[in-house]
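The block underneath contains the structure these notes are about, expressed in structure tokens.
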2 protein chains.
Amino acid sequence: MPELHYPEIRALGLFSDMADAHFQSLMRGAYVQNFPPQIELIAEGEPSDFLHVVLSGSVDLFSTWNGRDTSLATVRPISTFILAATIRNAPYLMSARTLEKSRIVLIPSQDVRAIFDVDGIFARAIVTELARCYRAVIKSQKDLKLRTSLERLANYLLRQQKRAGGGASFELDVEKRRLASVLGMTPENLSRAFKGLRPYGVAVEGTRISIGDQADLERFARPNPLIDDFST
Amino acid sequence: MPELHYPEIRALGLFSDMADAHFQSLMRGAYVQNFPPQIELIAEGEPSDFLHVVLSGSVDLFSTWNGRDTSLATVRPISTFILAATIRNAPYLMSARTLEKSRIVLIPSQDVRAIFDVDGIFARAIVTELARCYRAVIKSQKDLKLRTSLERLANYLLRQQKRAGGGASFELDVEKRRLASVLGMTPENLSRAFKGLRPYGVAVEGTRISIGDQADLERFARPNPLIDDFST
DNA sequence: CGGCGCACTTGATATTTGTCAAGCCAGCAA
DNA sequence: TTGCTGGCTTGACAAATATCAAGTGCGCCG
């Protein structure tokens, strides 16, 4: 892999503190690849041969069963995915596909496990990352089980607004049909849910969302850090 | 804490390989407590002061939002809960209450973090445990998003049957209303779902379930290791 | 410029799920 | 025994959600 990318990978919390020799050794076996949009990177059920790091672009994690499918998460730069499968040397639970042109680092899983076994600092960094991911899924589980689809959408918009800088107007950065899947509903229902939020001051124009009355929307959505704050 | 309990705790994967001095040091600060049924052990949002280990009995992990509540998991001996919150030194995401008379070990979170920082073997054991938990939640997420309530119940019964030894007839070991909550439905709907499985040979008598035609039920449920096998 | 193609929207309808109220039944205490 | 309690079930109804079938609007390409 070109050393050019070392610094940005090294900057990830997962790799930032480990011994340099170990980092170099991981990188030696890794390689970078550019993928066009809509390429399936991994399929659920396959053995976890590589830990993936998204350098640019974005990746959809999804799953399929009995003819249905659902989006579980979106991975954005710079972060890793399928860490848990790599560590447990177990099959992938989710499939992954690029949403746009993406540059992705592939690190052989056996290298990751080997370094994990000898580098306590790396092991601890993995713990921190896994704990973060675990808590994120629990939050998402609570979102799904405790809220109606309208409430999920309202809270999603508030989160996205925050991510986009907090202004009254912002862009959705996912396709609506994917958003519907992430929120656990059909595209048709997402359309209706947007209309359902109109009484709370939400206006939609294509991918642009405007929140007319912040307080009103929040009164309806009741955002909660134990569900919506993905930083803890 | 009475040394009496040391061996059973030590036998947990989480603690089995760590340095003895570190284990002793963890145990010195820990204590065992007996709780009656229906006692709330922790409340979501509280700081994570203790890592909990269930020695006997069982514990319900649940969450509340806006007047609704849902069961997320049941913890059975011998295992730990809220490991992720302890590691991240973050607030609990779930509340916990005893379902029956239970004996529980409380290990101060700061001790766990301190040992975690100096014992690489312990850190690696935590990684393995967290990765397992993480994958379990992902599976549960897929179950919720990809299956109808009838399919969820059918697959739950097949899993429970396996846990109970695999016989055609077995006991439910949770209250039906809790089961309903775990499966993401109302108790009324669970009743109807049981009736809905009658055509596939499922008979219910109180807490006893009989599966008349294994193949028939499996043909309907379509169990999948990437959702239903909690061992990987 | 015209006409696809594709995502999204809309309306009508069916299905699923939740809610409310009542009844059933086993377990238990007086 | 009697009467109560609490969990479970049932039925009638309401609400939420999915499905199916058009329709709309926009970008893209010939």
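Just so it is clear: chains get the letters A, B, ... in the order the sequence lines come, proteins before strands, and each one is counted from 1. The shown structure was predicted, so the numbers you read here are calculated from the model rather than taken from an experiment.
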- [ ] Select from B:R192 and B:R177 the residue whose nearest nucleotide in DNA chain D is closer to the 5' end of that strand.
- [x] B:R177
TODO: Apply side-chain contact (heavy atoms from CB on, under 4.5 Å) to A:R88 and B:T232, showing your working.
DONE: CA-CA 8 Å; A:R88 287 195 71 80; B:T232 63; 5.9 Å; no
Task: d(CE, B:M185; P, D:dA15) in whole Å - done: 23 Å
Open item on the list: Using a strict heavy-atom distance below 4.0 Å, which residues from residues 168-176 of chain A are in contact with DNA chain D?
Closed with: none
Open item on the list: So, does B:N189 get its side chain near the phosphate of C:dG18, meaning an N or O under 4.0 Å from OP1 or OP2?
Closed with: yes
- [ ] Can you tell me the distance, in whole Å, between the NZ atom of B:K145 and the C1' atom of D:dA18?
- [x] 16 Å
Open item on the list: Could you check whether A:R159 makes a cation-pi contact with A:F230, meaning its NZ or CZ is under 6.0 Å from the centre of the six-membered ring and within 45° of the ring axis?
Closed with: no
TODO: Quickly work out the A:R68 CZ to D:dT19 C1' distance and round it to whole Å.
DONE: 13 Å
Open item on the list: With a 4.0 Å cutoff (strictly under), does any side-chain N or O of A:S191 reach OP1 or OP2 of C:dT10?
Closed with: no
Open item on the list: Would you say B:T186 places a side-chain N or O within less than 4.0 Å of OP1 or OP2 belonging to C:dG18?
Closed with: yes
TODO: Rounded to the nearest angstrom, tell me the gap between atom CD in B:E151 and atom P in C:dT16.
DONE: 11 Å
Task: Distance in angstrom units between B:L150 CG and C:dT16 P, rounded - done: 9 Å
Open item on the list: Salt bridge check, A:E188 against A:R177: does any charged N sit closer than 4.0 Å to a carboxylate O?
Closed with: no
Task: Euclidean distance, atom CD of residue B:Q38 to atom C1' of D:dG6 [Å, nearest integer] - done: 12 Å
Open item on the list: What is the distance, to the nearest angstrom, from the CZ atom on B:F194 to the C1' atom on D:dT10?
Closed with: 16 Å
TODO: May I ask you to decide whether A:D173 forms a salt bridge with A:R76, counting only side-chain N to carboxylate O separations under 4.0 Å?
DONE: yes
Task: Length of the CD-P vector between B:E188 and D:dA14, whole Å - done: 16 Å
Open item on the list: Would A:K176 and A:F194 count as a cation-pi pair here, with the cationic atom under 6.0 angstrom from the ring centre and within 45° of the axis?
Closed with: yes
Task: Positive for side-chain contact (heavy atoms from CB on, under 4.5 Å) with A:F81, one of A:V75, A:V53, A:L51 - done: A:V75
Task: Salt bridge present between B:R147 and B:D228 (N-O < 4.0 angstrom) - done: yes
